[in-house]
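Proteins get letters first, then strands, A, B, ... in listed order; numbering begins at 1 in each.
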Amino acid sequence: MLSVQRKTLVDGVRHASLAFDPVTTSQHEISDEIAKIHADAPAGAPLLDFPPYRSTLLRHPTKELQLVDPEGAELLAPVFGHSDVAPVEADLTVQRGGEPIGERIRVHGRVLDGDGRPVRRQLVEIWQANAAGRYSHQGDQHPAPLDPNFTGVGRCLTDDDGWYSFTSIKPGPYPWRNHHNAWRPAHIHFSLFGTDFTQRLITQMYFPGDQLLALDPIAQSITDPAARSRLIASYDHSRSEHEWLLGYRWDIVLTGSHATYLEPSDD
Amino acid sequence: MTEATPGQTVGPFFHHALAYPGDSELVPFGAAGSVVLHGHVYDGAGDPVPDAMIEIRQADASGVVPAVGGSLRRRGSAFTGWGRCCTDAAGHYWFSTVEPGLPFFAVTVFARGLLDRLFTRIYLPDATDAVDGLVATRETDGRLRFDIHLQGPSETVFFTFPRT
């Protein structure tokens, strides 16, 4: 069933998404699809063609990516400085004059390149749902409460050793309409720049021990378990603060797009 | 060698975090010597993608790729050679910029339903040695037009680069 539908997509048939009904497709069916794809060769980057995440159906390229040597503007990432980001933007708990509700956390780590060198003084942007699993975004209609003291948006620059740090509230999981009873695991979106333009990365950081990760088609689009685990922060008691907050550590490695498209052959 | 952190989709809820005033105006709209680069993003059914985000990186008019800050607070800052635009409800994006002194704009594409970012280029209409299909059209009012097709018969050529 699955392979037939994937084949159809490769053949370019329109409106393939109509083959799926998000209301009646169960988590069991989605998990079964994921397991079948995982049985193929594991890939360290998300498969762009990953039908269990239904919105990919008409939004993934079907032609092979063209290998080119970067040149000109592709050789140099944009530069950001202290005029771009105020230090207070790294604390998501003080942006609205009152305390947001939820479990106060600090997320910190290093941004490194593929050789382990720190990415210095570079922009890190984050966004996330509030403790109830609701985004401060007009498109989010999940009937969970908004928090007037929480926008869920932060920015910072890495320091001279590549370190970043945000103070925030632990985001809640939330439902989405991929299939029946679909829930996203708690996550923080991260937007990152390297030193090279080609190292640009947007990804999601997850929390340790989240039972929803195994069920989530977005996280499971990375079919190599070791690579998937690199999106999960670790609890860092050394950065928890007495009677104040819990610490998490998450390091990020930017190697450019090379690692992204070693896709297994399928169909 | 350290292992890469994998990408994930930008999702549907990025606008309030990633859009900012002046994000797509590398130079002020209508400024002397400026040009508008614009187009639509389409999915494999030919429908507009209203929740995509396009970023461009480019040289200045003299061919120098700037390495200066100020992209997030542009007022009074030098030309930074970088900009960002979230598509609107019609899948439309636009930038106000200058024509680069090098033959192309470097482009990154993000969208809900797209599990990792895509790279491409938009070449100037008079570029020599352009990659087939990646050349902007000069419209009669002087704007540069380039549509991005994530899938389908007109699918845009997307790139992968050697590891950096």
Side-chain angles (χ1 to χ4, degrees), chain A residues 12 14-15 44-46 48 50 55-56 58-63 65-70 72-74 76 78-81 83-85 112 114 116 125 127 135-137 139-140 153 189 191 196-204 218 221-222 227 230-231 252-253 255-261, chain B residues 1-18 43-45 47 49 55 57-59 65 67-73 77 80-82 100 102-106 108 110-119 131 150-153 155 157-164:
Chain A
R14 289 178 158 206
H15 299 297
L48 299 181
F50 197 73
S55 297
T56 63
L58 292 167
R59 294 185 172 195
H60 71 85
T62 57
K63 298 190 178 77
L65 299 173
Q66 189 168 322
L67 180 66
V68 296
D69 283 321
E74 289 164 344
L76 197 59
V79 170
F80 300 91
S83 67
D84 289 302
V85 184
L112 304 167
E125 297 163 286
W127 68 102
Y135 284 89
S136 178
H137 184 288
D140 187 357
V153 173
H189 296 266
S191 164
D196 292 13
F197 172 82
T198 59
Q199 292 170 329
R200 183 79 176 95
L201 181 74
I202 286 184
T203 189
Q204 301 180 25
I218 292 179
S221 70
I222 302 154
R230 293 197 286 275
L231 294 183
I252 299 146
V253 177
T255 66
S257 70
H258 162 89
T260 303
Y261 296 110
Chain B
M1 190 69 81
T2 321
E3 297 290 341
T5 303
Q8 292 272 264
T9 180
V10 71
F13 302 131
F14 55 87
H15 303 80
H16 66 309
L18 298 182
D43 70 12
D47 292 327
V49 177
E55 290 177 352
R57 179 78 173 125
Q58 65 166 101
V65 182
V68 294
S71 291
L72 297 183
R73 310 237 198 286
S77 76
T80 65
W82 181 84
L102 297 176
F104 64 82
F105 300 91
T108 320
F110 306 88
R112 178 183 68 84
L114 180 61
L115 276 159
D116 207 354
R117 44 92 187 95
L118 294 169
F119 293 110
V131 175
L150 297 177
Q151 194 187 86
E155 187 174 304
V157 174
F158 297 107
F159 294 144
T160 183
F161 299 100
R163 181 166 175 147
T164 49

> With only heavy atoms counted, which part of B:V131 is less than 4.5 Å from chain A, the side chain, the backbone, both or neither?
Replying inline: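 Only the side chain of B:V131 comes within 4.5 Å of chain A.
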
Check whether any side-chain N or O of [X] sits under 3.5 Å from a backbone N or O of [Y] as a donor-acceptor pair, and report yes or no.
{"X": "A:Q204", "Y": "B:T9", "result": "yes"}
{"X": "B:R117", "Y": "A:R200", "result": "yes"}
{"X": "A:Q66", "Y": "B:V157", "result": "no"}
{"X": "A:D84", "Y": "B:L72", "result": "yes"}
{"X": "A:R230", "Y": "B:A4", "result": "yes"}
{"X": "B:T160", "Y": "A:L67", "result": "no"}

Residue pair [X] / [Y], side-chain heavy-atom distance below 4.5 Å:
{"X": "A:L48", "Y": "B:L118", "result": "yes"}
{"X": "A:I222", "Y": "B:Q8", "result": "yes"}
{"X": "A:H60", "Y": "B:Q151", "result": "yes"}
{"X": "A:D69", "Y": "B:F161", "result": "no"}

> Looking at the rings of B:F119 and A:F197, which for Trp means the six-membered one, are their centres under 6.0 Å apart?
Replying inline: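 Yes, they do, as the ring centres are separated by less than 6.0 Å.
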
> Checking A:S191 against chain B: side chain, backbone, both or neither under 4.5 Å from a heavy atom?
Replying inline: side chain

> Relative to chain B, which segment of A:F80 carries a heavy atom at a distance below 4.5 Å: side chain, backbone, both, or neither?
Replying inline: both

Hey, which of [options] has the most heavy atom pairs under 4.5 Å with chain A?
{"options": "B:E55, B:R57, B:R112", "value": "B:R57"}
{"options": "B:P12, B:A111, B:A67, B:G11", "value": "B:A67"}
{"options": "B:Q58, B:E155, B:R73", "value": "B:E155"}
{"options": "B:L115, B:V65, B:V10", "value": "B:L115"}
{"options": "B:T80, B:T108, B:L150", "value": "B:L150"}
{"options": "B:L102, B:L114, B:L18", "value": "B:L18"}

>> I need the minimum non-hydrogen distance between A:A45 and B:P6, along with the two atoms involved.
In response: CA-CB, 4.5 Å

>> Quick check: closest heavy atoms across A:V68 and B:P162, and the distance to 0.1 Å?
In response: O-CD, 3.1 Å

> What is the distance from atom CZ of B:F13 to atom NE2 of A:H189, rounded to the nearest 0.5 Å?
Replying inline: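 Rounded to the nearest 0.5 Å, the CZ-NE2 separation comes out at 8.5 Å.
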
> Is the A:W127 ring parallel, tilted or perpendicular to the B:F14 ring (thresholds 30°, 60°)?
Replying inline: perpendicular

> Relative to each other, are the rings of A:H137 and B:H15 parallel, tilted or perpendicular (30° and 60° limits)?
Replying inline: tilted

>> Working note: A:V253 + B:T5, criterion side-chain contact (heavy atoms from CB on, under 4.5 Å); need CA distance, chi angles, decisive distance, verdict.
In response: CA-CA 5 Å; A:V253 177; B:T5 303; 4.0 Å; yes

> ring pair (Phe, Tyr, Trp, His ring centres under 6.0 Å) with B:F110: which residues, sequence neighbours excluded?
Replying inline: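 Expected list: none.
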
>> Please rank A:I202, A:I218, A:I252 by heavy-atom pairs under 4.5 Å with chain B and give me the top one.
In response: A:I202

